[in-house]
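Have a look at the structure below before the remarks.
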Number of protein chains: 2
Amino acid sequence: MRADAQRNRERILAAAEEVFLERGANVVLDEVAKRAGVGVATLYRRFPTREDLLAAAYSARFETFAETSRRRDAELDPVSALRLYLEELVQHTNVYRGLAASLGTVLQVGTPGCAATSKEGLRLLERAQRAGVVRLDVTFDDLVCVATAISLATGQHTSSKVRISHLVDMFTEGMVVR
Amino acid sequence: MRADAQRNRERILAAAEEVFLERGANVVLDEVAKRAGVGVATLYRRFPTREDLLAAAYSARFETFAETSRRRDAELDPVSALRLYLEELVQHTNVYRGLAASLGTVLQVGTPGCAATSKEGLRLLERAQRAGVVRLDVTFDDLVCVATAISLATGQHTSSKVRISHLVDMFTEGMVVR
DNA sequence: TCCTATATGGAGATATCCTCCACTTCGCAA
DNA sequence: TTGCGAAGTGGAGGATATCTCCATATAGGA
């Protein structure tokens with residue numbers, strides 16, 4: 001990519017981050033372009049769909065999230081690790097209002113951060129399954145569905161950390177082998 | 001309501017049912033008006049928002065659904081009844097492609113069928129809670145969010161009865177007292 | 001039959017998405 | 001350096017969708 005294009009790409013991501021934070025994941029994209037000081041065409045050329053932009057804007061956060069999770073691996077038993085992963089995934093999803101409904105799509109976009117997050121989730125899931133503490137019929141997509149449900153249930157109202165934690169507990173219990 | 005207005009209302013609902021089934025819940029509403037042989041203004045006057053129209057068009061189905069659920073009350077234990085309710089709610093939601101995202105709003109619109117469905121869900125939930133088999137901190141809104149998430153996760157692909165059932169199981173497990 | 005509250009339709013104002021293309025800029029090769 | 005082709009750009013405007021305004025029509029009671 002040409003240097004100027006790269007520069008614009010970064011400006012767009014910075015603007016997207018700001019605008020999504022302020023006004024949610026469903027803002028008019030012209031607003032993002034304007035804030036980035038760039039034409040809409042440039043934005044659409046680089047990020048053909050809203051999900052592409054969301055995934056890219058969120059990539060860095062997701063990257064950090066995955067890395068953090070990976071790093072504390074040894075400290076937690078498989079179920080606690082999975083539980084915490086889910087809780088943090090929901091919290092991240094709630095950062096952009098309206099992201100919940102697209103979480104599945106966004107995670108599939110394949111941005112480095114999204115890929116890392118999916119990979120880490122899968123790793124934790126499989127670890128727990130190998131340890132025989134989580135049901136074998138649970139898939140990573142199921143986890144995403146759980147995170148979506150919790151995010152939908154808690155996203156509207158101002159971040160109720162307690163309630164998120166509560167719901168995560170509840171549904172993690174549902175996945176545990178008894 | 002004047003007789004001609006009533007007639008038009010019914011035509012709009014019949015057209016909406018057809019069009020939503022064929023092309024999903026996000027079709028252009030002009031299409032519905034055209035098929036009903038009515039101006040758009042008439043449609044918007046009667047159903048100010050898409051959700052109003054969806055709720056009205058879906059009212060009959062939801063009515064039947066609630067009634068069916070109510071009728072088999074004696075045959076099932078509280079958890080099985082709740083589980084089946086959830087599964088059927090998701091299946092109904094998937095009938096109109098794209099309805100999932102509006103499920104919460106639609107259920108709140110207060111059409112007779114929607115009200116009956118909410119009421120029945122709440123009844124089943126409270127019955128299970130009184131029987132001490134479902135956690136007391138689960139609300140009806142949580143159920144709706146779960147149904148929405150499952151519907152979002154399964155709605156795109158056809159023939160996902162197995163997957164729906166699996167996800168419903170998982171979430172139900174989580175809500176059960178152990 | 002008349003009269004008016006009620007209802008109608010479709011043109012068009014408004015909003016959003018996305019593309020086209022004339023023009024600009026980068027950066028390599030000579 | 002400079003020239004030049006490939007890469008990139010912006011914003012006007014087409015396409016699509018939503019929703020309203022208001023001149024006109026009509027049901028149905030008096």
Side-chain angles (χ1 to χ4, degrees), chain A residues 1-58 96-99 101-102 105-106 109, chain B residues 1-58 96-106 108-109 111 156:
Chain A
M1 197 188 312
R2 242 165 62 173
D4 53 343
Q6 179 62 41
R7 214 161 34 238
N8 279 335
R9 198 191 120 92
E10 275 151 25
R11 280 214 225 151
I12 291 170
L13 285 178
E17 171 77 11
E18 271 184 37
V19 175
F20 286 147
L21 273 176
E22 276 173 30
R23 324 245 288 253
N26 297 308
V27 286
V28 190
L29 294 188
D30 293 38
E31 177 64 27
V32 174
K34 190 181 293 175
R35 179 116 33 142
V38 140
V40 252
T42 302
L43 186 154
Y44 279 104
R45 192 176 324 104
R46 210 57 69 192
F47 305 100
T49 71
R50 184 180 295 270
E51 279 73 28
D52 289 324
L53 182 56
L54 278 168
Y58 228 132
Y96 292 160
R97 199 162 9 109
L99 180 59
S102 326
T105 315
V106 166
V109 167
Chain B
M1 198 188 311
R2 241 167 63 174
D4 54 343
Q6 180 62 40
R7 216 163 30 238
N8 279 334
R9 196 191 123 91
E10 276 151 25
R11 280 213 227 152
I12 290 170
L13 285 179
E17 172 76 12
E18 272 184 35
V19 175
F20 286 148
L21 272 176
E22 275 172 33
R23 324 244 289 251
N26 297 308
V27 287
V28 192
L29 293 188
D30 293 37
E31 177 64 26
V32 174
K34 191 182 292 173
R35 180 118 31 145
V38 141
V40 254
T42 302
L43 186 155
Y44 278 104
R45 193 176 321 105
R46 209 59 66 192
F47 306 101
T49 71
R50 183 181 297 270
E51 281 72 30
D52 289 324
L53 183 55
L54 279 168
Y58 226 2
Y96 294 157
R97 200 162 8 111
L99 179 59
S102 327
L103 182 65
T105 315
V106 165
Q108 278 176 11
V109 166
T111 269
Q156 283 88 341

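When reading the values below, keep in mind they use all heavy atoms of this one structure, side chains included, and skip hydrogens, waters and symmetry mates. Just so it is clear: chains get the letters A, B, ... in the order the sequence lines come, proteins before strands, and each one is counted from 1. What you are looking at is a predicted structure, and each value in this text was computed from that prediction instead of being measured.
In this structure, the side chains of V109(A) and F47(A) stay at 4.5 Å or more apart for every pair of heavy atoms.
Across all strands, R46(A) comes closer than 4.0 Å only to sugar-phosphate atoms, never to a base (heavy-atom distances).
For dG9(C), the OP1/OP2 oxygens have a side-chain nitrogen or oxygen of T42(B) closer than 4.0 Å.
Rounded to whole Å, atom C1' of dA7(D) lies 16 Å from atom CZ of R9(A). Distance, K34(A) NZ to dC17(C) P: 13 Å, rounded to whole Å. R23(B) has its CZ atom 13 Å from the C1' atom of dA17(D), to the nearest Å. Atom-to-atom, CG of N8(B) to P of dA25(D) comes out at 17 Å; the value is rounded to the nearest Å. Across the protein-nucleic acid pair, D52(B) atom CG and dT18(D) atom P stand 14 Å apart, rounded to whole Å.
If you check residues 11-21 of chain B against DNA chain C, you find no residue with a heavy atom closer than 4.0 Å.
Residues in residues 37-48 of chain B take part in no side-chain hydrogen bond (donor to acceptor under 3.5 Å, both in side chains) pair, two or more places apart or across chains.
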All N/O donor-acceptor pairs, side-chain side in residues 96-105 of chain B, below 3.5 Å, sequence neighbours left out:
residue: Y96(B); atom: OH; partner: E17(B); partner atom: OE1; Å: 2.5
residue: R97(B); atom: NH2; partner: E22(B); partner atom: O; Å: 3.1

Side chains of residues 49-57 of chain B: which donor-acceptor partners sit under 3.5 Å, not counting sequence neighbours?
residue: T49(B); atom: OG1; partner: E51(B); partner atom: N; Å: 3.3
residue: T49(B); atom: OG1; partner: D52(B); partner atom: N; Å: 3.1
residue: T49(B); atom: OG1; partner: D52(B); partner atom: OD2; Å: 3.0
residue: R50(B); atom: NH1; partner: A25(B); partner atom: O; Å: 3.0
residue: R50(B); atom: NH1; partner: V27(B); partner atom: O; Å: 2.7
residue: R50(B); atom: NH2; partner: V27(B); partner atom: O; Å: 3.1
residue: D52(B); atom: OD2; partner: T49(B); partner atom: N; Å: 3.2

Can you give one letter per nucleotide of nucleotides 18-30 of chain C, 5' to 3': B if a protein heavy atom sits under 4.0 Å from the base, S if only from the sugar-phosphate, - if neither?
BBB----BSS---
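Applying the side-chain hydrogen bond (donor to acceptor under 3.5 Å, both in side chains) test to N26(B) and every residue at least two apart in sequence or in another chain returns nothing.
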